[in-house]
Amino acid sequence: MGTHSIDPAGARDVWSTATARNGLLHFIDICLRGAGQVMFQNNPLTGLLFFIGVFWGAHAAGMPAVAWGAVVGTIVGTVTAWCLNAPRENINMGLHGYNGVLVGCALPTFFAPTPLLWAYIVIGSVFSTILMMAFTHMLRTWKISAMTGPFVFTTWFLMLAAYNFANIRITGLPHPTIAIQPPASELYGLDLLQFLRACLTGISQVFLINNVATGLLFLAGLAVASLWAAVFAFFGSALAVGTALLLGAGTSSILAGLFQFSAVLTAVGLGTTFYHPNWRVIGYAVLGAIFTVIAQGALNVVLNTYGIPTLTFPFVIAAWIFLLPNLDLPPERIRDKSVSGVRGQGSNHAS
């Protein structure tokens with residue numbers, strides 16, 4: 001009896017043909033790529049696995065609005081870009097969907113899922129796309145991209161505004177406080193199982209999800225687009241765990257992934273997106289990830305006084321700082337048409 005194997009390239013060709021012929025499938029493809037672009041991957045299967053991970057983690061936490069917010073965010077962000085005549089190539093790569101995905105995950109995490117919250121998500125997703133276009137234009141001069149900056153600034157504005165609007169019910173924002181060092185009871189070592197859990201939750205927290213299975217699904221999503229991306233994501237999270245433990249961060253926060261998620265993005269970005277992996281690039285990504293953990297701690301102190309979380313701003317700061325020198329780390333730094341200032345780095349992993 002003969003055996004049959006699945007040809008991934010053939011499956012991609014079938015999907016590409018189907019999306020070219022069907023407008024609805026084409027739009028679904030763009031939205032899936034938008035989810036994948038959160039971690040730099042221009043791949044619809046990656047985006048699908050990311051959405052599955054988000055739905056799994058959100059429903060496990062009893063917060064389904066987080067998952068549906070992600071769907072609404074990517075749809076609204078993408079449609080907004082189309083209405084504003086953003087470059088069609090960037091839309092097709094999902095570059096105007098990923099900030100909306102994160103806005104849609106973040107707002108239901110910190111606010112009660114009232115009808116008004118969904119209007120807030122729509123407004124935030126629209127604004128994140130406009131801000132993405134503004135960042136793209138502004139940053140083109142320095143040959144760096146917006147990263148998740150539009151998501152961060154949009155969500156901060158909406159969070160701060162909520163303190164003045166009684167009809168936006170705050171449920172999860174940190175209480176404004178002056179930061180103090182963690183007590184001794186919060187400083188303890190991790191066994192191997194806890195270490196692995198912390199690494200995986202660090203990956204899942206990129207989408208504001210605290211769930212080990214979600215972290216595994218995100219790793220699988222990265223691997224189908226780029227095995228190197230999956231390796232650097234886990235490596236970045238593990239390095240952040242070790243750095244945070246060494247510096248004396250609160251262990252419960254580490255177990256929840258709160259010191260790792262930005263370092264995950266920094267490691268993937270520097271290690272596989274802006275540069276091709278080699279030993280020098282690995283060293284540079286290590287420095288970037290360590291700096292991201294320190295930036296996380298510093299920004300926690302500043303932003304806790306205002307009652308808002310850092311979101312992925314430690315990653316944004318680290319990525320900008322480590323890319324602005326425009327270093328030549330052989331193999332040659334990835335320079336494609338995406339370096340026009342848009343976050344098109346994921347185009348190097350296109351399906």
Side-chain touch Trp228/Val268, heavy atoms, less than 4.5 angstrom: no
Within-4.5 Å side-chain heavy-atom neighbours: Ile75 and Phe27: yes
Nearest atoms (heavy-atom pairs only) where Gly73 meets Ser125: CA-OG, 3.3 Å
Side-chain donor or acceptor of Tyr163 paired with backbone N/O of Gly307 under 3.5 Å: yes
Side-chain touch Asn43/Leu32, heavy atoms, less than 4.5 angstrom: no
Exceeds 12 heavy-atom contacts within 6.0 angstrom, atom CG of Asn167: no
Validation row: Pro176, Thr305 side chains within 4.5 angstrom (heavy atoms): no
Under 3.5 Å: donor-acceptor pair, side chain of Tyr120, backbone of Leu158: yes
Backbone of Leu192 reached by a side-chain donor or acceptor of Gln194 within 3.5 Å: no
side-chain hydrogen bond (donor to acceptor under 3.5 Å, both in side chains) between Thr292 and Ser262, intermediate numbers included: CA-CA 7 Å; Thr292 304; Ser262 279; over 6 Å; no
Over 12 non-hydrogen atoms of neighbours within 6.0 angstrom of CH2 in Trp118: yes
side-chain contact (heavy atoms from CB on, under 4.5 Å) evaluation trace for Phe50 with Met39: CA-CA 10 Å; Phe50 283 4; Met39 292 200 222; 4.0 Å; yes
side-chain hydrogen bond (donor to acceptor under 3.5 Å, both in side chains) between Thr310 and Gln296, worked out: CA-CA 7 Å; Thr310 63; Gln296 180 78 57; 2.7 Å; yes
Ring center gap for Phe207 and Phe218 short of 6.0 angstrom: yes
side-chain contact (heavy atoms from CB on, under 4.5 Å) evaluation trace for Val66 with Phe55: CA-CA 8 Å; Val66 171; Phe55 269 88; over 6 Å; no
Pairwise distance CD1(Ile254) to CZ(Phe259) - rounded to 0.5 angstrom: 6.5 Å
Pairwise distance CG(Leu323) to OH(Tyr275) - rounded to 0.5 angstrom: 6.0 Å
Over all atoms of both residues, closest heavy-atom pair of Ser128 and Thr154: CA-OG1, 3.5 Å
Joint hydrophobic cluster, Trp279 plus Val286, side-chain heavy atoms closer than 4.5 Å: yes
Check: Leu139 and Trp320 side chains under 4.5 Å, non-hydrogen atoms: yes
Donor-acceptor under 3.5 Å (Arg33 side chain, Met93 main chain): no
Nonpolar side-chain network containing Trp82, other nodes, edges under 4.5 Å: Ile30, Ile91
Gln260 side chain to Ile203 backbone, donor-acceptor under 3.5 Å: no
Heavy-atom pair of closest approach, residues Ala146 and Met132: CB-SD, 3.6 Å
Common cluster, Ile290/Leu258, ILVMFWY with side-chain heavy-atom separation under 4.5 Å: no
CA sep, side-chain torsions, deciding dist, call: Val14, Thr17, side-chain contact (heavy atoms from CB on, under 4.5 Å): CA-CA 5 Å; Val14 170; Thr17 301; 5.8 Å; no
Where Phe165 and Ala161 come nearest, the two heavy atoms and their spacing: CD1-O, 3.2 Å
From Phe157 atom CZ to Ile123 atom CD1, the distance as rounded to the nearest 0.5 Å: 14.5 Å
Value rounded to 0.5 Å, distance of CZ in Phe234 from CG in Leu196: 5.5 Å
Heavy-atom side-chain proximity of Leu173 to Phe111 below 4.5 angstrom: yes
Check: Ile308 and Pro174 side chains under 4.5 Å, non-hydrogen atoms: no
Test item: Thr243 side-chain N/O and Leu239 main-chain N/O as donor-acceptor pair under 3.5 Å: yes
Derivation and outcome, ring-ring contact (aromatic ring centres under 6.0 Å, His included), residues Phe313 and Phe153: CA-CA 9 Å; Phe313 197 56; Phe153 286 103; 5.6 Å; yes
Neighbour count above 12 (heavy atom, 6.0 Å) for Trp68 CH2: no
Same apolar cluster (I L V M F W Y, side chains within < 4.5 Å links), Phe261/Val301: no
Under 3.5 Å: donor-acceptor pair, side chain of Asn99, backbone of Phe151: yes
Atom pair CG/OG1 of Leu102 and Thr312 - distance to nearest 0.5 Å: 6.5 Å
side-chain contact (heavy atoms from CB on, under 4.5 Å) between Phe232 and Leu270, worked out: CA-CA 9 Å; Phe232 270 87; Leu270 294 179; over 6 Å; no
For Phe110 against Pro309, the heavy-atom pair lying closest together: CZ-CG, 3.7 Å
Closest heavy-atom pair and its distance - Thr74, Val71: CG2-O, 3.2 Å
Expected output: side-chain Thr80 to main-chain Val126 donor-acceptor under 3.5 Å: no
Side chain to side chain, Asn92 and His26, heavy atoms closer than 4.5 Å: yes
Donor-acceptor contact below 3.5 Å, side chain Asn304 vs main chain Asn300: yes
Any donor-acceptor N/O pair, Ser204 side chain to Thr201 backbone, under 3.5 Å: yes
Between OG1 on residue Thr272 and CZ on residue Phe40, distance to nearest 0.5 Å: 7.5 Å
Same cluster (ILVMFWY, side-chain, under 4.5 Å), Val316 and Leu160: yes
